[in-house]
Amino acid sequence: MRALLPLLRTGSGWRVGAPAAARLPQAASAGSGPRRAMALYRTEERGQLHSQDYRIFFKNVAGHYISPFHDIPLKVDSKKEENGIPTKKARNDESENLFNMVVEIPRWTNAKMEIATQEPLNPIKQDVKDGKPRFTANIFPYKGYIWNYGALPQTWEDPHQKDKSTNCCGDNDPIDVCEIGSKVLSPGEVIHVKILGILALIDEGETDWKLIAINANDPEASKFHDIDDVRKFKPGYLEATINWLTYYKVPEGKPENKFAFNGEFKNKAFALEVIKSTHECWKAMLMKKCDRGAINCTNVQVCGSPFHCTPEKARSLVESVLTSSSNKESNIDDQVWHFLGK
């Protein structure tokens with residue numbers, strides 16, 4: 001086994017040295033301005049970037065390993081939740097529309113990073129295709145992903161449940177988020193987002209919802225309340241989103257993607273209902289009330305779940321997967337442009 005030195009993500013980059021718990025700050029006080037989600041979570045990088053053994057693990061404010069899929073609450077105001085389930089009605093529309101987002105892929109980058117749904121504690125890893133780390137192609141005129149891309153925790157698109165809106169089953173992943181704010185984020189960041197709308201991608205016969213959201217701490221966030229505000233303040237962005245999602249798999253030899261509702265973006269109210277439905281599917285999975293397939297549901301903070309484990313067990317699970325495969329970094333070819341479309 002190769003000893004892998006953990007690197008802890010901080011506000012000023014990567015730092016090596018003191019144990020994670022020693023550097024985890026306390027949550028911001030009520031009077032210190034907008035509360036930022038990363039004050040509650042830190043990430044730990046293991047392995048060589050762009051290799052098959054690269055992982056980003058998550059820790060909570062106590063320094064315990066957690067699952068970004070299951071242990072980070074869906075809604076921002078966790079004081080009003082128990083195990084991710086709201087305990088009382090939110091006070092206003094703004095608080096009702098604040099969600100945690102786990103960032104997987106920064107804007108303008110190509111590495112296909114994703115929550116490892118089938119691994120213990122679900123670290124972020126790079127997807128593998130044909131035995132090599134996967135990079136998404138550049139579709140002219142874009143470079144990599146055109147938004148910060150990630151997922152909402154505590155959601156699940158059930159592959160055994162047919163969506164009543166699309167007539168297709170889910171894609172077996174947490175629901176995807178396209179974050180349209182001005183800042184380029186980092187893999188593993190946990191941010192607060194406002195939901196603006198949603199698009200129903202049909203990917204090889206499966207429903208693959210794409211939420212449109214904006215970082216709640218973005219300088220322009222106060223302008224955005226619904227999907228029409230994206231058209232007003234970021235003209236062309238939604239059309240580019242359709243174009244990108246239509247063609248991004250074509251260079252891999254796959255057909256163009258299709259959309260439900262003729263590619264129409266649905267509004268915030270519709271999106272919130274989809275989120276609610278995927279959260280219910282996640283709850284059923286965590287309580288062992290449905291077929292989870294190969295999904296790993298190990299968690300540290302969802303009390304009552306049959307998959308709940310102690311922090312000590314979580315640490316041992318992380319340590320058990322830190323065996324080394326090849327340390328050789330994959331060849332990265334992310335400079336080529338593909339000219340597609342009509």
Starting from the C-alpha separation in whole Å, work towards a yes-or-no answer on side-chain hydrogen bond (donor to acceptor under 3.5 Å, both in side chains) for Thr136 and Tyr248. CA-CA 7 Å; Thr136 299; Tyr248 82 105; over 6 Å; no
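- Lys210 and Tyr149 share a side-chain donor-acceptor pair at under 3.5 Å.
- By the side-chain contact (heavy atoms from CB on, under 4.5 Å) test, Asp291 is found to be paired with His160, residues two or more places apart in sequence or in another chain being considered.
- With 3.5 Å as the limit, one finds a donor-acceptor pair spanning the side chains of Asn110 and Asn138.
- Comment: Lys283 engages Glu280 in a salt bridge, judged by a side-chain N to carboxylate O separation of less than 4.0 angstrom.
- Within a 6.0 Å radius of NZ in Lys183, other residues, nucleotides and ligands contribute 12 heavy atoms or fewer.
- Side-chain atoms of Asn97 come within 3.5 Å of backbone N or O of Ile195 as a donor-acceptor pair.
- Judged by distance alone, with hydrogens and angles left aside, the side-chain atoms of Asn267 form a donor-acceptor pair with the main-chain N or O of Phe270 at under 3.5 Å.
- Arg42 and Glu44 are not joined by a salt bridge, as no carboxylate oxygen comes within less than 4.0 angstrom of a charged side-chain nitrogen.
- Side-chain contact of Tyr41 with Glu189: a donor-acceptor pair under 3.5 Å is absent, judged by distance alone.
- With 3.5 Å as the limit, one finds no donor-acceptor pair spanning the side chains of Gln301 and Asp71.
- Judged purely by distance below 3.5 Å, without hydrogens or angles, the side chains of Trp156 and Asn172 pair a donor atom with an acceptor atom.
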